[in-house]
Amino acid sequence: KAEISVGSSFEPSKVHQLSSQHLCIKFAACVDASPTVSFTHNCIYGVCQGGVVQRICISSWKILDHKVLDDWMFQSSPLVLDDRVVLCAYSRKGRGRVLAFFPNLQDVLWSVEFDKQIKATPILVRMPESREVWVCLDRSSIVALDVNNGSQIRCVPFTHDHVGKPVSCSVGNKSSTLFYGGSSLVWIDINNAGVVSGTKEVECDGDIGPIFKDAIGGPEGTAFIADSYGSLHIISLADKTILSSIQVSNFPLSAPTFVPETNQVFVGSYSGTLHCYHLASHGVPLTLSWEQSVGASLYTRPVAWAMHDTVYVCAATTAGDVVLIRGDNGSQVSKQRVECEIWSDPMLLSTGSEAETNAIDVVFGARDSCLHVLRVSLSDAAYLSRK
């Protein structure tokens, strides 16, 4: 049974309303992992480098529960399922830990510890007879754990770092393929009997740089990856090949975002530029539509959504700016500053009031040890209130 220290080194405070458009929730250390929004539970789950996880109610903006893992740190986002929450932690002693809680965080269901660090976000893989949590162990292997009890079902050994969140897809009705990016590219095939039927690993070289951001699903069995050399790639999950590559920047890139309705791909650069590419109807190639400077590095994945027949893109910078941009022409709509570095991907919150206020809420972590909720306005009528 996991030893969980509750409140020994951290006590949650109330949600602070800094302005009519800005709320923040205090944590014990930098909030570098992206929060997970669960509309099923009406909650946001946030974690920090200080080993704290908190559950915040979306409708009332109250902190409902919290847990503290002394001597452990969170760099990966929570995996939130209907019946449990799975967390991956790591320690300065080079160890990793996977824990499963009930959604209310009251009880730990199981805990497994490894002799390798875990910094990548886990994913759920549904097998014919089970649900498995797939976890990357630093420079070691990818392990699959039974979501019900934490027992190890399978282990796929690899030798390189894989710190980004993987992407998976079904290939017809015969098998599924998982793709991991890192210091190498890894494809894992799982047949319809739930057995790993094949793997392929390609080490990154001069043509493709290390992938330290999340892979993003694309159309028809493809995925997008952005490397640290500044290139954007389209890969085939079924054929295990790179379909197309384009040099976007001379600086590392953020994780990309794909909008299937408009076939647009948005990706940020450490140079401080947001890039928009259009994907041809048959999948390749990518063509540049526009570029927009946001004034500071973009470590985080931009988030995009359609509203009032227009695609909007929200990008968060290391200067603390949250910039709203039109997806059709790259023009800047608004810029709001939170006065702290943002390393956490912004996530959308659906409040049910977008049609009335012409606004949408985004939530993200920052290096000021806070989780921020910001109303990104499309009109002067927008406001965010704590009930």
Side-chain angles (χ1 to χ4, degrees), residues 1-2 36 74-91 94-101 108-204 211-212 214-215 217 221 223 225 235-240:
K1 186 176 177 64
T36 300
F74 294 115
Q75 185 170 307
S76 62
S77 300
L79 172 63
V80 181
L81 311 177
D82 289 344
D83 56 351
R84 63 204 60 210
V85 176
V86 179
L87 304 174
C88 289
Y90 71 102
S91 74
R95 301 189 65 81
R97 192 174 185 181
V98 186
L99 307 98
F101 293 89
V108 60
L109 298 171
W110 51 262
S111 175
V112 181
E113 195 166 323
F114 297 92
D115 61 358
K116 298 290 184 179
Q117 291 187 335
I118 305 173
K119 297 184 179 180
T121 297
I123 65 167
L124 180 71
V125 178
R126 297 184 182 275
M127 295 297 186
E129 303 296 332
S130 64
R131 295 181 302 164
E132 299 179 6
V133 177
W134 284 57
V135 178
C136 290
L137 306 183
D138 186 27
R139 293 184 178 273
S140 172
S141 58
I142 300 168
V143 297
L145 308 176
D146 190 312
V147 75
N148 295 315
N149 54 32
S151 61
Q152 184 171 311
I153 298 174
R154 67 189 85 241
C155 177
V156 183
F158 291 102
T159 56
H160 295 85
D161 286 332
H162 299 94
V163 297
K165 184 178 180 180
V167 65
S168 64
C169 81
S170 297
V171 182
N173 57 3
K174 296 181 179 180
S175 65
S176 296
T177 297
L178 278 75
F179 171 81
Y180 289 82
S183 300
S184 65
L185 311 181
V186 175
W187 289 263
I188 302 174
D189 289 331
I190 306 168
N191 64 25
N192 57 8
V195 177
V196 174
S197 55
T199 61
K200 179 180 179 179
E201 182 174 16
V202 177
E203 188 168 355
C204 295
I211 313 296
F212 296 128
D214 294 351
I225 54 174
I235 63 167
S236 169
L237 297 178
D239 298 334
K240 303 177 181 59

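We count residues from 1, following the sequence as given. Below, each value reflects all heavy atoms present in this structure, side chains not excepted, and no hydrogens, waters or symmetry copies.
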Measure across [X] and [Y] and return the closest heavy-atom pair with its distance rounded to 0.1 Å.
X      : Y      : result
Val196 : Val156 : CG2-CG2, 4.3 Å
Ser141 : Pro157 : CB-CA, 3.7 Å
Glu132 : Arg154 : OE2-NH2, 2.8 Å
Val125 : Trp134 : CG2-CD1, 3.3 Å
Trp110 : Asp146 : CZ2-O, 3.8 Å
Glu201 : Ser184 : OE2-OG, 2.8 Å

Rounded to the nearest 0.5 Å, what separation is found between the [atom1] atom of [X] and the [atom2] atom of [Y]?
X      : Y      : atom1 : atom2 : value
Ile211 : Tyr180 : CD1   : OH    : 15.5 Å
Thr199 : Trp187 : OG1   : CH2   : 11.5 Å
Ile188 : Thr177 : CD1   : OG1   : 9.5 Å
Arg97  : Cys88  : CZ    : SG    : 12.0 Å
Leu99  : Arg84  : CG    : CZ    : 13.0 Å
Thr121 : Leu87  : OG1   : CG    : 10.5 Å

Hits for ring pair (Phe, Tyr, Trp, His ring centres under 6.0 Å) against Phe74, two or more places apart or cross-chain, chain-then-number order -> none
Val143 and Lys116: side-chain contact (heavy atoms from CB on, under 4.5 Å), yes or no, with the steps? CA-CA 12 Å; Val143 297; Lys116 298 290 184 179; over 6 Å; no
Q. Does a side-chain heavy-atom distance below 4.5 Å link Ile225 with Phe179?
A. yes
Check whether any side-chain heavy atom of Ile153 lies under 4.5 Å from a side-chain heavy atom of Met127, and answer yes or no.
no
Evaluate the criterion side-chain contact (heavy atoms from CB on, under 4.5 Å) for residue pair Ile118 and Asp138; output intermediate values, then yes/no.
CA-CA 6 Å; Ile118 305 173; Asp138 186 27; over 6 Å; no
### Query
Passes side-chain contact (heavy atoms from CB on, under 4.5 Å), Asp189 versus Lys200? Steps please.
CA-CA 9 Å; Asp189 289 331; Lys200 179 180 179 179; over 6 Å; no
Whether Glu113 side chain and Gly96 backbone form a donor-acceptor pair below 3.5 Å: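 Flag not set: sc Glu113 to bb Gly96 has no pair under 3.5 Å.
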>> Between Gln152 and Val112, is the side-chain contact (heavy atoms from CB on, under 4.5 Å) condition met? List the steps.
In response: CA-CA 9 Å; Gln152 184 171 311; Val112 181; over 6 Å; no
Q.
Could you work out, with side-chain contact (heavy atoms from CB on, under 4.5 Å) as the rule, every residue matching Thr36, not counting sequence neighbours?
A.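 side-chain contact (heavy atoms from CB on, under 4.5 Å) list for Thr36, sorted by chain: Ser77, Pro78, Val80.
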